[in-house]
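Comments concern the structure below.
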Amino acid sequence: QAQLVESGGGSVQAGGSLRLSCAASGLTRGRYLLAWFRQSPGKEREGVAAVYVGTGATYYAASVKGRFTVSQDNAKNTLYLQMHSLRPEDTARYYCAADTTPLSGGGNWDSAFEYNYWGQGTQVTVSS
């Protein structure tokens, strides 16, 4: 049974940086997606970034590309999200998710319905 545990959230001022971590366990060898999603009150859960483990492909939402970097430490089974130039609109609860049964490439990485494992989230708050 896979488990995902996020950490690294907090409160920062606009323009600041945070690094989120997702410790993963129980994932099988092979190709699967590890992703970051976020959700704020009144909004749908939004895909932020993802890594297609096994191919190394990365994906980003247009709103964060150039500011955020997703990476993985395979030896530690940890997914990271390095966030720079944070904006108030980045305020949300950030979730780590895994899709262990991808049916195709990562073209639909940002669809929350594809993911079968979720962490409990970590809050990120960006003030003006």
Could you check if a side-chain atom of Gln13 sits within less than 4.5 angstrom of a side-chain atom of Ser128, using non-hydrogen atoms only? no

Do Trp36 and Cys96 have side chains that approach each other closer than 4.5 Å (heavy atoms only, starting at C-beta)? yes

I'd like to know if the side chain of Thr122 reaches the main chain of Gly9, judged simply by a donor and an acceptor atom lying under 3.5 Å from each other, with no hydrogens or angles considered. yes

Would a hydrophobic clustering, with Ile, Leu, Val, Met, Phe, Trp and Tyr connected at side-chain separations under 4.5 Å, put Leu20 with Leu86? yes

Measuring from atom CZ of Arg19 to atom CE of Met83, what distance do you get when rounded to the nearest 0.5 angstrom? 11.5 Å

Ignoring hydrogens, what is the shortest heavy-atom contact between Ser17 and Ser85? Give both atom names and the distance. OG-N, 4.5 Å

For Val48 and Val64, which heavy atoms make the closest approach, and how far apart are they? O-CG2, 3.5 Å

Using the benzene-type ring in the case of Trp, are the ring centres of Phe37 and Trp118 under 6.0 Å apart? yes

Atom of Tyr60, atom of Ala49 and distance for their closest heavy-atom approach: CD2-CB, 3.7 Å

Find out whether Thr78 and Gln72 are in side-chain contact, i.e. whether some heavy atom of one side chain is under 4.5 Å from a heavy atom of the other. no

Side-chain contact, heavy-atom cut-off 4.5 Å: Val70 with Leu79? yes

Between Asn108 and Ser111 (side chain of the first, backbone of the second, donor and acceptor by atom type, cut-off under 3.5 Å), is there such a pair? no

Heavy-atom side-chain proximity of Leu81 to Thr69 below 4.5 angstrom: no

If you look at every heavy atom in Tyr115 and Ala98, which pair is closest and at what distance? CD2-C, 3.3 Å

How many angstroms lie between OG in Ser25 and CG in Asn77, if you round to the nearest 0.5 Å? 8.0 Å

Say whether, by atom type as modelled, one donor and one acceptor occur between the side chain of Thr55 and the main chain of Tyr52 under 3.5 angstrom. yes

So Gln39 and Arg93, do their side chains get closer than 4.5 Å, heavy atoms only? no

Is Tyr117 close to Gln3 at the side-chain level, that is, under 4.5 Å between some pair of heavy atoms? no

Would you say the side-chain atoms of Gln82 pair up with the backbone N or O of Phe68, donor to acceptor, closer than 3.5 Å? no

Atom of Asp99, atom of Thr101 and distance for their closest heavy-atom approach: OD1-N, 3.1 Å

Arg38 to Tyr95, cation-pi by 6.0 Å centre distance and 45° axis angle: no

Val124 vs Val12, test: side-chain contact (heavy atoms from CB on, under 4.5 Å). Steps then yes/no. CA-CA 8 Å; Val124 171; Val12 298; 5.5 Å; no

Would you say Thr91's side chain and Val126's backbone share a donor-acceptor pair under 3.5 angstrom? yes

Supply the atom-to-atom distance Leu18 CG to Asp90 CG, rounded to the nearest 0.5 angstrom. 10.0 Å

What closest approach, in Å, do Leu4 and Ala24 show between heavy atoms, and which atom pair accounts for it? CD2-CB, 3.5 Å

Measure the CZ-OG distance between Arg87 and Ser63 for me, rounded to the nearest 0.5 Å. 8.0 Å

I'd like to know whether CD of Gln120 has more than 12 heavy-atom contacts from other residues, nucleotides or ligands below 6.0 angstrom. no

About how many Å separate OG of Ser40 and CD of Glu46, when rounded to the nearest 0.5 Å? 8.0 Å

Is any side-chain heavy atom of Tyr94 closer than 4.5 Å to a side-chain heavy atom of Glu6? no

For Trp109 and Tyr59, take the angle between the two ring planes, folded into 0 to 90°, and tell me which bin it lands in: parallel under 30, tilted 30 to 60, perpendicular over 60. parallel

